[in-house]
Structure formats: structure tokens, C-alpha cells
Amino acid sequence: IEDHPLSTQYPCRTPVWWARVGPVAKDPNLPGVSGRRVVLRIPKQFGRIEGWFANLLRAPREIRRPLDQMNSLLWELSDGSRTFSEICGVMDEVFREEIAPVMQRTAAAIGLFQRNNLALMLDEPLNRR
């Protein structure tokens with residue numbers, strides 16, 4: 001894990017509304033991590049004409065994205081205080097063979113969060129900034 005290019009970086013979620021829902025599934029007993037499913041609420045960005053049609057049709061102003069069990073745990077762990085290698089260790093401990101190979105799958109999930117502007121990688125810990 002130490003040889004991975006992201007191993008010393010700190011994944012951090014961006015400010016987006018999210019909530020924990022449902023029962024506890026797999027709890028790693030870490031502070032700030034519940035083991036419950038996570039739902040993201042992402043606001044839609046409408047253009048002028050699209051906004052007019054959205055008002056006319058009473059379209060929702062946000063998208064709700066429920067995450068699966070693995071991505072929910074990854075979301076909770078990505079608070080800017082844990083390195084990528086620490087997160088991989090927790091994910092491997094909790095999910096074992098379900099997430100193998102852990103580094104590639106975790107990096108792919110964080111990359112998907114980054115492409116959707118839901119997470120970013122920091123060079124130093126967030127430390128409640």
C-alpha cells in the first residue's frame with residue numbers, strides 16, 4: 001500500500017448535504033463512522049431555459065444518490081484526517097474478499113467522487129479547518 005501514488009494523500013469529501021440511513025451493517029468502531037448507508041443530496045444546476053421548464057413541470061431541484069455499503073463506509077472515512085493507506089486498511093479489514101484488490105477499488109471509487117466534485121485529495125490533513 002505504501003508504494004501507491006495516493007498512499008500519503010488525505011481524501012476529503014466536499015461540502016454536500018448527506019445523511020446516514022437504515023440499520024448499522026458493518027461497523028469498524030472508529031470515531032465518526034457509523035457503518036450505516038449514506039444518501040447524498042446533490043443540487044441540480046439549471047440553465048435559464050432549463051430552469052423555466054423545471055419550474056413549469058415542478059421538477060425536483062436536487063438529486064438523491066444512495067450509496068452502497070462499501071461507498072458509504074468510504075464516504076464516512078474520507079473526512080480529511082485519514083490517509084489513503086489508512087482508509088484502504090480499514091476497508092480491507094471490514095470487507096475482506098468483497099473489496100479485493102482494495103487499493104485499486106478504493107482509488108477508483110475516490111476518483112469517481114472526484115469526477116463528480118464530491119471529494120478531493122489533500123496533501124496534508126484537514127484538522128477541522
Side-chain angles (χ1 to χ4, degrees):
I1 292 178
E2 288 77 27
D3 296 335
H4 198 276
L6 299 176
S7 66
T8 59
Q9 292 191 328
Y10 296 83
C12 181
R13 51 186 180 249
T14 58
V16 64
W17 186 97
W18 62 281
R20 297 175 176 110
V21 296
V24 174
K26 294 189 177 186
D27 186 9
N29 292 322
L30 294 171
V33 181
S34 68
R36 296 169 67 192
R37 303 281 298 266
V38 170
V39 175
L40 304 176
R41 206 165 77 181
I42 306 164
K44 290 182 182 179
Q45 301 295 324
F46 291 119
R48 195 170 125 200
I49 295 175
E50 292 170 328
W52 184 80
F53 275 114
N55 285 338
L56 182 68
L57 299 172
R58 296 185 184 140
R61 294 278 179 191
E62 62 192 20
I63 299 170
R64 291 182 184 222
R65 293 278 183 231
L67 300 179
D68 66 351
Q69 195 173 24
M70 287 184 211
N71 284 323
S72 293
L73 181 60
L74 178 61
W75 181 261
E76 287 185 318
L77 290 170
S78 300
D79 60 356
S81 67
R82 297 175 183 91
T83 63
F84 175 78
S85 58
E86 292 170 346
I87 290 173
C88 286
V90 172
M91 296 290 282
D92 191 36
E93 181 181 314
V94 172
F95 293 107
R96 305 274 180 210
E97 285 84 26
E98 293 177 60
I99 196 165
V102 66
M103 288 186 307
Q104 288 84 357
R105 291 192 64 186
T106 305
I110 290 173
L112 186 61
F113 284 151
Q114 284 181 303
R115 283 190 295 278
N116 291 319
N117 296 324
L118 298 172
L120 35 111
M121 297 298 277
L122 305 174
D123 292 328
E124 56 188 36
L126 190 60
N127 292 334
R128 305 234 181 249
R129 286 186 277 151

*Asks:* Between K26 and E98, does any NZ, NE, NH1 or NH2 come within less than 4.0 Å of an OD or OE carboxylate oxygen?
*Replies:*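 Yes, E98 and K26 are salt-bridged.
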*Asks:* Where do S7 and S85 come nearest, in terms of heavy atoms and distance?
*Replies:*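 Nearest pair, atom of S7 first, then S85: O-OG, 3.3 Å.
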*Asks:* Nearest 0.5 Å, please: how far is CG in L6 from CE in M103?
*Replies:*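 Taking CE in M103 and CG in L6, the distance rounds to 10.0 Å.
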*Asks:* Check whether any side-chain N or O of E76 sits under 3.5 Å from a backbone N or O of L73 as a donor-acceptor pair, and report yes or no.
*Replies:*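 Side chain of E76 to backbone of L73: no pair is present.
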*Asks:* Between CD of E86 and OG of S81, what distance do you get to the nearest 0.5 Å?
*Replies:*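 It is 8.0 Å, given to the nearest 0.5 Å.
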*Asks:* List the steps and the verdict of side chain to side chain contact (heavy atoms under 4.5 Å, CB included) for R64 and L40.
*Replies:* CA-CA 6 Å; R64 291 182 184 222; L40 304 176; over 6 Å; no
*Asks:* Start with the C-alpha distance between L126 and D79, add both sets of side-chain angles, then the distance that settles side chain to side chain contact (heavy atoms under 4.5 Å, CB included), and finish with yes or no.
*Replies:* CA-CA 8 Å; L126 190 60; D79 60 356; over 6 Å; no
*Asks:* At what distance, to the nearest 0.5 angstrom, does OH of Y10 lie from CD1 of I87?
*Replies:*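 CD1 of I87 is found 10.5 Å from OH of Y10.
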*Asks:* State, yes or no, whether a side-chain contact exists between R65 and V39 at a heavy-atom distance under 4.5 Å.
*Replies:*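 The answer is no; the side chains never approach within 4.5 Å.
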*Asks:* Decide if atom CZ of F46 counts as having more than 12 heavy atoms of other residues, nucleotides or ligands within a radius under 6.0 Å.
*Replies:*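 Enclosed: over 12 neighbouring heavy atoms sit under 6.0 Å from CZ of F46.
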*Asks:* Using residues 106-113 as the side-chain source, report each donor-acceptor pair under 3.5 Å to any protein atom, sequence neighbours left out, with the distance given to one decimal.
*Replies:*
unit_1, atom_1, unit_2, atom_2, d
T106, OG1, V102, O, 2.7

*Asks:* Is a side-chain donor or acceptor of N116 paired with a backbone partner of L118 at a separation under 3.5 angstrom?
*Replies:*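 Side chain of N116 to backbone of L118, a donor-acceptor pair under 3.5 Å: no, none is there.
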*Asks:* Counting only heavy atoms not in I49, do more than 12 sit closer than 6.0 Å to its CD1 atom?
*Replies:*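 No, because the 6.0 Å sphere around CD1 of I49 holds 12 heavy atoms or fewer from other groups.
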*Asks:* Do S72 side-chain atoms and V38 backbone N/O form a donor-acceptor pair below 3.5 Å?
*Replies:*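 Flag set: sc S72 to bb V38 pair under 3.5 Å.
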*Asks:* Please report the interatomic distance CZ(R82) to SG(C12), rounded to the nearest 0.5 Å.
*Replies:*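 Rounded to the nearest 0.5 Å, the CZ-SG separation comes out at 11.5 Å.
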*Asks:* By the side chain to side chain donor-acceptor pair (under 3.5 Å) test, which pairs, at least two apart or in different chains, include something from residues 41-58?
*Replies:*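 Counting only pairs at least two positions apart or across chains, the side chain to side chain donor-acceptor pair (under 3.5 Å) contacts touching residues 41-58 are R41-E62, N55-R61.
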*Asks:* Measure across L77 and M91 and return the closest heavy-atom pair with its distance rounded to 0.1 Å.
*Replies:*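 Residues L77 and M91, closest heavy atoms: CD1-SD, 4.0 Å.
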*Asks:* Does one side chain, of R20 or S34, offer a donor that lies under 3.5 Å from an acceptor on the other?
*Replies:*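 Yes, S34 and R20 have a side-chain donor paired with an acceptor closer than 3.5 Å.
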*Asks:* Measuring from E124:CD to T83:OG1, what's the distance to the nearest 0.5 Å?
*Replies:*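 Output value for this atom pair is 14.0 Å.
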*Asks:* Once you round to the nearest 0.5 Å, how far does CG of L67 lie from CG of L74?
*Replies:*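 The distance works out to 9.0 Å.
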